[in-house]
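Below is one structure, written out as structure tokens; the observations come after it.
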Amino acid sequence: MRPLPVQFKMKVTDIGNPDYFHKVVDCQWGCPSHTPVPEYIRLIAQERYTEAYMVNWESNVFPGILGRTCDRPCEPVCRRVRTEEKPVAICRLKRVAADHKGDIRPYLPPVPKKKNGKRVALLGAGPASLAVARDLLPLGYEIDMFDRDPAGGGMMRSQIPAFRLPAEVLEEEVDLILDMGVNARFNYEISSMKEMLDMGYDAYFVGTGAPRGRDLDLPGRQESDAHISIGIDWLSSVAFGHIDSISGKVIVMGGGNTAMDCCRTSKRIGAESVTVVVRSAFHVMKASDWEKEEAMDENIPIVNNRPPKEFVHDNGKLKGVVFECVKPVEDENGRLNYVPTGEPDVYMECDHILMAIGQENHCPWIERDVGIEFDKWDCPVLDEVTFQTTHPKVFFGGDSAFGPENIIWASAHAHQAAISIHLMCQGKDVRRDRPPEGINLISQRMGVHEWSYDAEHDPAKRFIVPHANLSKALQNIKVEVELGFDRALGLKEAQRCLNCDIQTVFTDNLCIECDACVDICPMDCITFTDNGEETDLRSRLTAPAENLAQDLYVSGELGTGRVMVKDEDVCLHCGLCAERCPTAAWDMQKSVIHVPQLGTYPE
Amino acid sequence: MTFVAKPEVHHPQLPLNEIGLNRRDYEGLVSTLCAGCGHDSVSAALIQACAELAIPPHRFAKLSGIGCSSKTPNYFLGNSHGFNAVHGRMPSVATGANLANRSLYCIGVSGDGDSASIGIGQFAHIVRRRINMLYIVDNNGTYGLTKGQFSATNDKGSTSKRGVPNLYEPIDLVSMALDIGAGFVARSFSGDKGQLVPLIKAGLMHRGFAFIDVISPCVAFNNHNGSTKSYEFTRSHAASVVAADFVSPHEEITADYGPGEREVVEMPDGSRLHLRKLEEDYDPHDRAGALTYLQQAALDGEVVTGLLYVDSDGTDCHEILDTVDTPLSVLGEAELCPGQAALDGINAGFR
Ligand SMILES: Cc1cc2nc3c(=O)[nH]c(=O)nc-3n(C[C@H](O)[C@H](O)[C@H](O)COP(=O)(O)OP(=O)(O)OC[C@H]3O[C@@H](n4cnc5c(N)ncnc54)[C@H](O)[C@@H]3O)c2cc1C
Ligand SMILES: Cc1ncc(C[n+]2csc(CCOP(=O)(O)OP(=O)(O)O)c2C)c(N)n1
Ligand code: SF4
Ligand code: SF4
Ligand code: SF4
Ligand SMILES: [Mg+2]
């Protein structure tokens, strides 16, 4: 056969490119902060909780908090979803590390007494600002942190209710950073950016969040104002003790996380009944599945496809809400449109409404003539890599940057912004001089049949996190609902992780094409075949490679002119290919991804 | 040798066959052979073929002698019948098994030592008797299990791992099988499942004695430069003369053929074999011609592979002996022992 022209062949995979193997570690790739998940799960399996905690702390800054509250973008992408069904309980294992850790002080980065002469102002004391502080302090920066609230933590304190995040856990991790030497200026209302700039800091980080809750201007809204609260304002009043009860029938409007926290909080502080009413369909609600489940477990009904039409009141005393009945219809682009069902409108009685229909990042205190440009949606114009505004000294991060996200995104933004601030303060280019990503590959072979990791596949189903007794939990807002895995359950759950960072590395000039690896692979990942262009190649493999999000690993040409093609999609990282290979053409090597971040914490 | 067993989890899209089983249901225990042994690939090909044929695993009987090759029945079809016989004596046991229960699909796996050295006499006679079975020799040109002595199929001049040449002429089991009446004769390579799997399927469906000589390299003792049974040598010297595509009764024909490019051979169970000649002057129905071709090719140092001979209306031992259709194993005592009167009648016939 004539050799195929080059353009019809796939290129040899460049495993030196850090992204290639990074993507194979689905959870780490999916985590905004790129936490090395399998590394900490292995440490948990060895009962090295302190080290497991530190691996987390270095990359996501708030392991104890996130181990309870993270949005867990890593879990839906976990390989285990594709090989079996349910992801590894990555998030709850993080909590296991936090709950069982020992003294972490010896592992903390030292903060120099002698400062480097640069002063940085952090506006807001939420997770974004705290993480910037943590990254900059070990390098000798002087950090001033401003917040209108009486304590640090931002929405982690003011919004996330104590039954999900106990105060001690929050305080421990917030104080850890403040105690590294932050000059905290709490109870400080920032009312002018100009004023701040006049204070002459070398750099500014705006981490003021997305503090404005959306409202609905419907008939009766103005008149019933006394009985309608904006969800996030109401939650923060509860958090700071200004509100400690709610009475009568409560309707929570909205389908996101705030709605779930509002309804569960109401149920705990005295509501006679609580109903969540959502304009959209159940499956497109913004709240995570587990939050919806938990609300429903607490017997809170969720009513979907009901947009509100009117607030009904009697001389300013709220009586109820009229809702329209709609149903979702998918158009040809898969988008949902809501059309009236023709049923008569429904009227629901209520005494109080909590409005949880979204937030905005809104900075009225930034004068529009200080050199910080805003776009037509009134959002700051930012460089997506450096988080720098059009004012070279001002950076944004967290919810204030691109609108409301979550804690893990706040810490991811913070790492990047901290790099930029450092580069800028050192007179370097914030874009060009950024540290590159890197990767190290380290063989895990210890002997003929011995690997440094537990290669065997554990077929166990996901373990369920024990919960507190429901009636007890509903009586007191401070009773944490989830009890977390104990050590024994944590160890079992840790075994489910497939060690996706222990990579299958192929050396083409060692392969004798014996097919042993093809035959032993339980997941049919490996094929020896003629090269071709990607779509064609994907269809010709031992098992068709239909998941386009997962890369093919293509080797150089082998003795027969064929190539080795491995579909990374459902590889178990069991190492059987490497065990079976007579020539060690396959080796299991741990990929250590160097995600750029300030600081020199031990690897 | 792998100690970690293959986990049960499998590819989420692994297809089910017509009886609701997937390929993994046809596997056996974890192999204890050397990593990279060709025999493991032959087992993998058997697993794939049996799964594709959608025959329930308990309908197979696996028979073998002694050798690494003869150990392999442990590594496929875990839920079937099996008998690991004495060195070179698998044919006797296979004959007995097939005579006792003709409803089972018989798979014999042997080695070149097991069949061409100690068992050559037994091999010759099972071919002659046309026992209805698939007989596979995992041919590595060496006694793998006893650590690498030359076997009787090792080519003259081929060297040992230490460089010592073999002084004797090889026995070609394919020529022998052709010579003494096998109805289905093929040669393949463990490293070419595309060729081997359809041959196994066709061999299992063939009525009578089906023989496949599979070059199956021994990574430990016969895979060096100078060996004529190595991966490299086989790959560079193998030439397929006839390609056989197996099409089961309910299967659509998917392959594209030009006019006159293929010949269809009907199999007893309704499946079809599509033969494609890859070599102009080769005729897979001409026993004598095939023998001549093979001998010439051997002189030229070529390893001829493919379906080398097939007799579409082959007979088997049960037909020759005119036995009852019901397997003897399920006949009752009344049928098997017709009583004194019948015996007297038979005896009277000899007087
Ligand atoms: C009800 C609710 C529940 C949530 N639950 C979760 C969850 O379970 N998991 C999760 O990951 N995320 C959750 N989030 C989102 C998460 O809290 C935020 O994404 C995150 O806190 C954003 O961090 P940040 O540092 O950008 O800003 P914030 O946490 O909002 O902090 C901003 C700080 O700036 C201060 N500030 C703002 N303006 C001024 C000013 N003018 N002067 C002085 N100070 C000012 C504020 O007081 C605040 O302390 C939730 C959000 C809400 C509303
Ligand atoms: C009666 C008897 N003689 C000799 C042996 C020793 N023996 C065991 S396996 C074997 C040769 C096996 O060679 P082959 O059949 O080619 O199998 P391979 O291991 O190469 O697959 C011999 C001679 C024996 N087990 N029994
Ligand atoms: S199996 Fe483990 S390493 Fe792989 S994606 Fe899931 S948590 Fe991450
Ligand atoms: S590690 Fe190797 S044998 Fe195991 S699933 Fe991945 S490719 Fe297959
Ligand atoms: S087992 Fe090793 S030598 Fe054999 S085909 Fe696979 S990679 Fe190549
Ligand atoms: Mg042998």
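Everything numeric here is computed off the predicted structure, so don't read it as measured data.
- Annotation for B:N225: atom CG does not count as buried by contact number, only 12 or fewer foreign heavy atoms lying within 6.0 Å.
- More than 12 heavy atoms of other residues, nucleotides or ligands lie within 6.0 Å of CG in B:L278, so this atom counts as buried by the packing criterion.
- Checked for salt-bridge contact, A:D519 and B:K193 meet the test: a charged N lies under 4.0 Å from a carboxylate O.
- Distance check: A:T542 OG1 to B:Q48 CD gives 9.0 Å after rounding to the nearest 0.5 Å.
- Here CD1 of A:I520 is found 7.5 Å from OG of B:S31. Values are rounded to the nearest 0.5 Å.
- At a 4.5 Å heavy-atom cutoff, the contact between B:V219 and chain A is made by side-chain atoms alone.
- Neither the backbone nor the side chain of A:P459 comes within less than 4.5 Å of any heavy atom in chain B.
- Between A:R580 and B:A35 the shortest heavy-atom distance is O-CB, 2.8 Å.
- Interface residue A:C581: only backbone heavy atoms are found under 4.5 Å from chain B.
- Residues of residues 551-568 of chain A lying under 4.5 angstrom from chain B, judged on non-hydrogen atoms, are A:T560, A:R562 in numerical order.
- With A:D524 as the fixed residue, the side-chain contact (heavy atoms from CB on, under 4.5 Å) test singles out one of B:R23, B:Q13, B:H10: B:R23.
- Summarising the geometry of A:H457 relative to B:P7, their closest heavy-atom pair is CB-CB, 3.8 Å, with the distance given to 0.1 Å.
- How far NE2 of B:H11 is from CG of A:D569: 6.0 Å, rounded to the nearest 0.5 Å.
- B:S41 approaches A:C514 most closely through the heavy-atom pair OG-O, 3.4 Å.
- Within a 6.0 Å radius of CD in A:Q495, more than 12 heavy atoms belonging to other residues, nucleotides or ligands are found.
- Of the listed residues (A:P582, A:C525, A:P544), the one with the most heavy-atom contacts under 4.5 Å to chain B is A:P582.
- Scanning for side-chain contact (heavy atoms from CB on, under 4.5 Å) contacts around B:A244 gives B:L199, B:L273, B:L275, B:L307, with sequence neighbours left out.
- Taking the side chain as every heavy atom from C-beta outward, A:M523 and B:V9 approach each other to under 4.5 Å.
- Neither the backbone nor the side chain of B:I47 has a heavy atom closer than 4.5 Å to any heavy atom of chain A.
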